[in-house]
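Report on one structure; see the data block that follows.
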Protein chains: 2
Amino acid sequence: MAREHDLKAAGLKATLPRMKVLHLFHKSKVRHMTAEDVYRLLMDEGLDVGLATIYRVLTQFEQAGILKRHHFEGGKSIFELSEGERHDHIVCVNTGQIVEFHDPEIVRRIESIVREHGFELVDHVLHIRALAPTGGVERGTAAPARHTGPTATRRAR
Amino acid sequence: MAREHDLKAAGLKATLPRMKVLHLFHKSKVRHMTAEDVYRLLMDEGLDVGLATIYRVLTQFEQAGILKRHHFEGGKSIFELSEGERHDHIVCVNTGQIVEFHDPEIVRRIESIVREHGFELVDHVLHIRALAPTGGVERGTAAPARHTGPTATRRAR
DNA sequence: GTGCGTGCAAATAATTTGCACTTCA
DNA sequence: TGAAGTGCAAATTATTTGCACGCAC
């Protein structure tokens, strides 16, 4: 993996925790993870890392443009690889399921609106809160959506 | 003030703190406030209220549909009266200045996108991060937006 | 070698909650 | 009066930071 190069390019030493986190995001089929998710997954891999380090690494990656941070509901930050096309998200308020989409028309409207107000566009945050297709079970988890981890560990705290 | 009625309608007793908070939002020219903002303003008015009560009241008002809660940058929740037309926001990343707008085309696209994915629309969150017109004022000034604005605390250095 | 990075624990920041005391209906 | 509401302090939750030690370069 030329991943090590990504780190160097960002001016970051290629340390074990950083390599592991980067690799996790690349190999995992789950694109969106919280710091806690990353922590647990690496622990499960047998890596003895501290949660504080995970937070530090994630923040550094965000600043380096490697990851993107989102604030969907639930208070926790959710990270995803920032590769590929810019996109927004549909988030199921029940299951936490996330779908990505890209809509050029919305982007055009946003640019237009900003211009009309004399502002200079920096960025935008758009997430659609919705209910996933009621394919059957859905009513049962009354709790506000937690984003579903790789191993959907349903814990009550 | 028929405000008292609003509370009753929401099944809430018309207590002093609640009346004061409600009144504050109605009379203030500043539409967007944090719990801290509300707390300070009421304290300044000479009302001896606890911050915890402010949080409780704001949350109750949100659930009653009287207020709307936003999570712009800065970690703190920002509340605004939920009266009038549904709208989204442009937020200046420097000053924290907030501009409201409504764009039917974007709303249409959102409905369309959700439908295409088989989801049921609940809501959407859209805020545009931008730079206010550099008309000269920009340094250490938040025009009519807010005094010690919640969002003005981030970058504004 | 040495300075950046890390682990751990303690510190923060925003918001919530337990509890005894007020206040509204 | 009695339940709903409030103030205060302690508790939570998510994330950050100080420090002594360890690892990449």
Side-chain angles (χ1 to χ4, degrees), chain A residues 3-22 32-40 42-43 46-64 67 69-79 143-147 149 155-157, chain B residues 1 3-22 33-40 42-43 46-64 67 69-79 148-154:
Chain A
R3 272 80 203 246
E4 184 166 342
H5 176 266
D6 297 349
L7 294 179
K8 298 283 175 61
L12 298 169
K13 271 192 197 173
T15 65
L16 193 60
R18 285 175 184 158
M19 300 281 269
K20 287 294 192 176
V21 170
L22 191 50
H32 304 83
M33 292 183 272
T34 65
E36 190 76 29
D37 289 338
V38 172
Y39 175 64
R40 299 235 107 90
L42 292 187
M43 287 297 257
L47 181 61
D48 185 22
V49 66
L51 181 53
T53 296
I54 299 299
Y55 274 107
R56 270 185 293 235
V57 170
L58 292 176
T59 300
Q60 292 159 347
F61 283 8
E62 183 198 5
Q63 292 171 340
L67 293 180
R69 181 195 301 254
H70 297 289
H71 300 284
F72 302 140
E73 34 218 299
K76 308 178 186 205
S77 292
I78 291 185
F79 298 84
R146 169 75 302 114
H147 120 280
R155 299 184 15 296
R157 293 233 327 160
Chain B
M1 338 295 69
R3 274 76 202 252
E4 184 166 343
H5 176 267
D6 297 350
L7 294 179
K8 298 283 177 60
L12 298 169
K13 271 194 196 172
T15 66
L16 193 60
R18 284 175 184 159
M19 300 282 269
K20 287 294 193 176
V21 170
L22 192 50
M33 292 183 273
T34 64
E36 190 75 28
D37 289 338
V38 173
Y39 175 65
R40 299 238 106 89
L42 292 187
M43 287 296 258
L47 181 62
D48 185 21
V49 66
L51 181 53
T53 296
I54 300 299
Y55 273 107
R56 271 184 291 234
V57 170
L58 290 176
T59 300
Q60 291 159 347
F61 283 8
E62 183 198 3
Q63 292 171 340
L67 294 179
R69 180 195 300 252
H70 297 290
H71 300 285
F72 301 141
E73 34 217 303
K76 309 177 186 208
S77 291
I78 292 186
F79 298 85
T148 329
T151 33
T153 1
R154 243 307 201 250

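Proteins come first, then strands; the chains are lettered A, B, ... in the order of their sequence lines, and each starts at number 1. In what follows, every heavy atom counts, from backbone to side chain, and hydrogens, waters and symmetry copies are set aside.
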Quiz item: Are B:Thr34 and B:Phe79 side-chain neighbours, meaning at least one heavy-atom pair lies under 4.5 Å?
Solution: no

Exercise. Rounded to the nearest angstrom, tell me the gap between atom CG in B:Leu47 and atom C1' in C:dT23.
Key: 14 Å

Practice problem: With the side chain counted from C-beta on, respond yes when B:Arg18 and B:Lys20 share a heavy-atom pair under 4.5 Å apart, and no when they do not. | Solution: no

Quiz item: Is any side-chain heavy atom of A:Thr59 closer than 4.5 Å to a side-chain heavy atom of A:Arg69?
Solution: yes

Which pairs, protein N/O on one side and nucleotides 12-15 of chain C N/O on the other, fall under 3.5 Å?
unit_1	atom_1	unit_2	atom_2	d
C:dA14	OP1	B:Lys76	NZ	3.3
C:dT15	OP1	B:Ser77	N	2.8
C:dT15	OP1	B:Ser77	OG	3.0
C:dT15	OP2	B:Tyr55	OH	2.6

Practice problem: Let me know the distance between NZ of B:Lys20 and P of D:dG7, rounded to the nearest Å. | Solution: 13 Å

Self-check item: Note, A:Leu7 side chain near A:Met19 side chain (heavy atom, < 4.5 Å)
Solution: yes

Quiz item: Looking at side-chain heavy atoms only, is the closest gap between A:Tyr39 and A:Thr53 below 4.5 Å?
Solution: no

Quiz item: Could you give the CG-to-C1' distance, from A:Leu22 to C:dG5, as a whole number of Å?
Solution: 16 Å

Self-check item: Shortest side-chain distance from A:Pro17, nucleotide among C:dT6, D:dC25, D:dT6
Solution: C:dT6

Quiz item: With respect to the phosphate group of C:dG3, does any side-chain polar atom (N or O) of A:Lys13 fall under 4.0 Å of OP1 or OP2?
Solution: no

Quiz item: For A:Arg56 and C:dG5, is the shortest distance between a side-chain N/O and OP1 or OP2 below 4.0 Å?
Solution: no

Quiz item: How many Å lie between CE on A:Met43 and C1' on C:dG7, as a whole number?
Solution: 11 Å

Self-check item: Rounded distance (Å) that lies between atom C1' of D:dA14 and atom CG of A:Asp37
Solution: 13 Å

Quiz item: Does a side-chain heavy-atom distance below 4.5 Å link B:His70 with B:Ser77?
Solution: no

Quiz item: Can you tell me how far the CD1 atom of A:Ile54 sits from the CD atom of A:Glu36, to the nearest 0.5 Å?
Solution: 10.0 Å

Practice problem: Rounded to the nearest angstrom, tell me the gap between atom CG in A:Leu58 and atom C1' in C:dG5. | Solution: 15 Å

Self-check item: Euclidean distance, atom CE of residue A:Met19 to atom P of C:dT6 [Å, nearest integer]
Solution: 12 Å

Exercise. May I have the distance from A:Arg18 (atom CZ) to D:dA24 (atom P), rounded to whole angstrom?
Key: 12 Å

